[in-house]
Structure formats: structure tokens, C-alpha cells
Number of protein chains: 2
Amino acid sequence: MGDTPGTSGAGLGGEPTLDEQIAAYQREFQDLDPQVEKIVSALSRLNRRMNVAYGRQTAALGISNAEWEVLKALVLSGAPYRMGPSELAKRLGLTPAAMTHRIDRMVAEGLVTRERDESNRVRVIVELMPEGRDKWLEAMRLATVFEEDLLQDLSADERTVLGEVLTRLLRRVEHAQPDAGGRLTDLD
Amino acid sequence: MGDTPGTSGAGLGGEPTLDEQIAAYQREFQDLDPQVEKIVSALSRLNRRMNVAYGRQTAALGISNAEWEVLKALVLSGAPYRMGPSELAKRLGLTPAAMTHRIDRMVAEGLVTRERDESNRVRVIVELMPEGRDKWLEAMRLATVFEEDLLQDLSADERTVLGEVLTRLLRRVEHAQPDAGGRLTDLD
DNA sequence: AAGATAAATTTCGAAGCTAAACAGTACATG
DNA sequence: CATGTACTGTTTAGCTTCGAAATTTATCTT
């Protein structure tokens, strides 16, 4: 792929084909299971492409990915769409300081409001505004259209199997904790 | 999930279970195919977890994700592991300016060298150093161990099917260009 | 030789995050 | 009831990473 044969794959930016990439992996790293690598690489690429698509869609609505995450957490919390900053921070994996900054921006843009909890004045309540909810809804509409198109070629059976297998993989990652060496030791 | 029933799922930071999340999606957004959403959400979560794992592993080796990307591109380019900054930038989706900065750091850390191409003195050649290659190799060893563990529960047949289906999805995203509305129009 | 083109770097600034110090509130305990 | 302790959220200061635009250096064209 240096400059001799490999101008074949047409990916994002001269990115090699999946098969080309796996061949390169095998060339450079012998003890590699091509089948495993194919699954993992495909997962990774697929997700990158999906994120690019989602990013384009949310950008078209004038919100960043960071803001999208907050909107999503609030909507999924259910009516009346209120959460505390620390709960949000925990959910999104941020420090409280970073959460404060994000909320600052989103308040300034009218996506959410921030007020003190009168029953416990230490706490703060972040509440989703109608405009924020509308943006989330519109983003969801765009996303579902994209997702249906993406899965278009899969039969009902294939969808079922794919969902089941992915869920099983997810369970394995979520219910297991990697030890010092990175191995997944089962907890069940 | 506001605060009444939903303390069940034990994800990253109080993250709801996949099924809980899908139920919430359906509650807030009626025209949603739960099967599609399950696949997409599982894909997304799986990838997030994998990235966390990879991040921990590379961090243990003292390199950032950004540096990991550069090492990977150089190794996969094959011996003698040389690329120009602009080619790297295109591959990684960065501007040339950002690429210059990254290379600065990596040269300072002894992972790569940077020298002018004597045959065309406008160009620069970034070359992988043995230390960089060693880091890549060690990261690959860790990654493959993790990946084997991840796919442990899948039968040979399931691996074959999963690889095939994911490849098909990937082809659909890579060979199609979303139009203005975000739809994937097939190009084949 | 003169301009056009191209590659890489430099400069400047923006975004986003964190750590640590700080302020305000609630609660427990004597 | 008084006070210490714990907790929530914000502020401040600084760091890292990236990008846009201008700049430098070299090559190519005519």
C-alpha cells in the first residue's frame, strides 16, 4: 500500500478496503485471527460511518454532539425531563465542572433551563425546554430514516440474529471487568 | 427512569439497560422500530466499550489514541513504514496543520522521525521508529487478547454470519452517499 | 525567468476538558 | 441548638488538541 498497488479501495480518505486492511494486519502481525479481526474492524468502521452521519444530521439542526448527548439523557429520563447536573455528569462520563460548562452553553441557546431546587437549595435542576425537545425529535426522525436505510438489505431473520448476537457481545463487555492485563473475567 | 423504578441497569455511570433504553425511546418517540433500534444501540454501546478498553490499553503503553492512529497507519502502509504528512492527514481525516502538530509530539517522543525527501525537497517523510513499531505490536497483542475474549461465546457459525452481515452493512454505508435529507442512495 | 501550484509549517485563536479551590446548603451529633 | 462534616455545584486557571489563514520553500509550466 506504500505507493505501488494499493490505490484500489475508495473509503473516506484513501482508506483501504476492509479486506486490504486485514491482509495488511496479517502481514504485520502473524498471530491474528482474520475472522475476529474482520468482525472487529467492521464494527469499528461501521460505527465511525454512523457517527459521521449522525454528526452531519445534528449539525444541520445546529447542535453539537455534546449537546445531543445531554438532550438524549434528558428526554430518556422521561417527563418532566429534569435531571441534576451531577446525575447528568455521571451518565455522560464527565466531571461536574465540564457539565457546568455544557449546561452554560445550552442555557444560553435556550435548549434547557437551570434553576435551584427549592426543596433542597444545594441542588440544581436542569430542565429540557420545548425547543430542546423539538431538536431531539427532529434528530430522531433523521436518525431513524438513516437507520432503516442502513438495515434495508437485512431480512427479518438476519435482523433478529444480529440483534441477539450483538446483545450477547454487549452483555459480555458490560458484565465483565477487564483485569490488569485487559482480559475479560466473567462476573456472572 | 426519572427516579421511581429505574435503578436496575448497571452500566457505566448509572446507564440504563439496553432494553430499558429502548423502552424509553419507544415511550418518547412512537414511530420507532424496536428491532432496528436494538441493533443500532447495541452497535453503538459495544463500540463505546471497546474504545474504552483500547484506550486503557494504549494509555498503559504511554500513547494516546491520536498517536495510536498514526502508528497504525504507518505500520499498515508496510515496510519501510514511511508516509507523507498530507497522506497521513487525509487518511486520518485531519487538516495538514493538525497533522504537523501530531507529528511534532511523536517526534519528540521518539515514535517517528521526520525528514525532508531529498528527491523532492518540498515533501516530508514521516518514518516509523523501532520504538513506535514496538508500541504498536504490544498494543496489538493486548487488543487481540481482548477481542478473543469478547467473541468467546460465539460459535464458528455465528462468527461467520456476523462477519458477513457486518460487512454487508459496511458496504452499504461506504458505497452509498447520503443525500440532502440523509437518505442512503445506492450507487452500485 | 516569472508566475502558478503544491506541501508543510507557523501563528493565532477557539473549544473542550480537568484539577483544585471555593461557596452554599443540609444533616448528624453532641 | 450549635457546630462540624459531607455534599453539590461553580469558579478559576491551565492544558491539550484542533483548525483557519498566512507564510515559507520548492517544483512545475510556459
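Below, chains carry the letters A, B, ... as their sequence lines are ordered, and counting in each starts from 1. Note that these values count all heavy atoms, side chains included, but never hydrogens, waters or copies made by symmetry.
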**OP:** Among the candidates D:dA26, D:dG9, C:dC17, find the nucleotide nearest to the side-chain atoms of A:Ser86.
**Re:** D:dG9
Original post:
From the list D:dC18, C:dA26, D:dT11, which nucleotide is the closest neighbour of the side chain of A:Asn120?
Top reply: C:dA26
**OP:** Select from A:Thr95 and B:Asp104 the residue whose nearest nucleotide in DNA chain C is closer to the 5' end of that strand.
**Re:** B:Asp104
Original post:
More 5' along DNA chain C: B:Val122 or A:Leu94, using each one's nearest nucleotide?
Top reply: B:Val122
Side-chain N or O of [X] less than 4.0 angstrom from OP1 or OP2 on [N]?
X        : N      : value
B:Arg114 : C:dA8  : no
A:Arg102 : C:dG16 : no
A:Arg121 : D:dT8  : no

With heavy atoms under 4.0 Å as the rule, sort [X] into base, sugar-phosphate or nothing.
X        : answer
A:Arg116 : nothing
A:Pro85  : sugar-phosphate
A:Thr100 : base

**OP:** Using a cut-off of 6.0 Å, state whether more than 12 heavy atoms not belonging to A:Arg123 lie near its atom CZ.
**Re:** no
Original post:
Counting N and O atoms only, with roles assigned by atom type, does the side chain of B:Arg159 sit under 3.5 Å from a partner on the main chain of B:Leu154, one being a donor and the other an acceptor?
Top reply: yes
Original post:
Is there a donor-acceptor contact under 3.5 Å from the side chain of A:Arg27 to the main chain of B:Leu76?
Top reply: yes
[N] [atom2] sits how many Å from [X] [atom1], rounded?
X        : N      : atom1 : atom2 : result
A:Leu88  : D:dT8  : CG    : C1'   : 14 Å
A:Trp68  : C:dG16 : CH2   : P     : 18 Å
B:His101 : D:dT16 : NE2   : P     : 14 Å
B:Asp117 : C:dA8  : CG    : P     : 9 Å
B:Arg123 : D:dC28 : CZ    : P     : 9 Å
A:Glu115 : D:dT10 : CD    : P     : 13 Å
B:Glu67  : D:dT16 : CD    : P     : 12 Å
B:Leu92  : D:dC18 : CG    : P     : 10 Å

Subject >> Salt-bridge criterion met for B:Asp19 and B:Lys38 (N-O under 4.0 Å) >> reply: yes
Original post:
Side-chain heavy atoms under 4.5 angstrom apart, residues restricted to Ile, Leu, Val, Met, Phe, Trp, Tyr: same cluster for A:Met129 and A:Met99?
Top reply: no
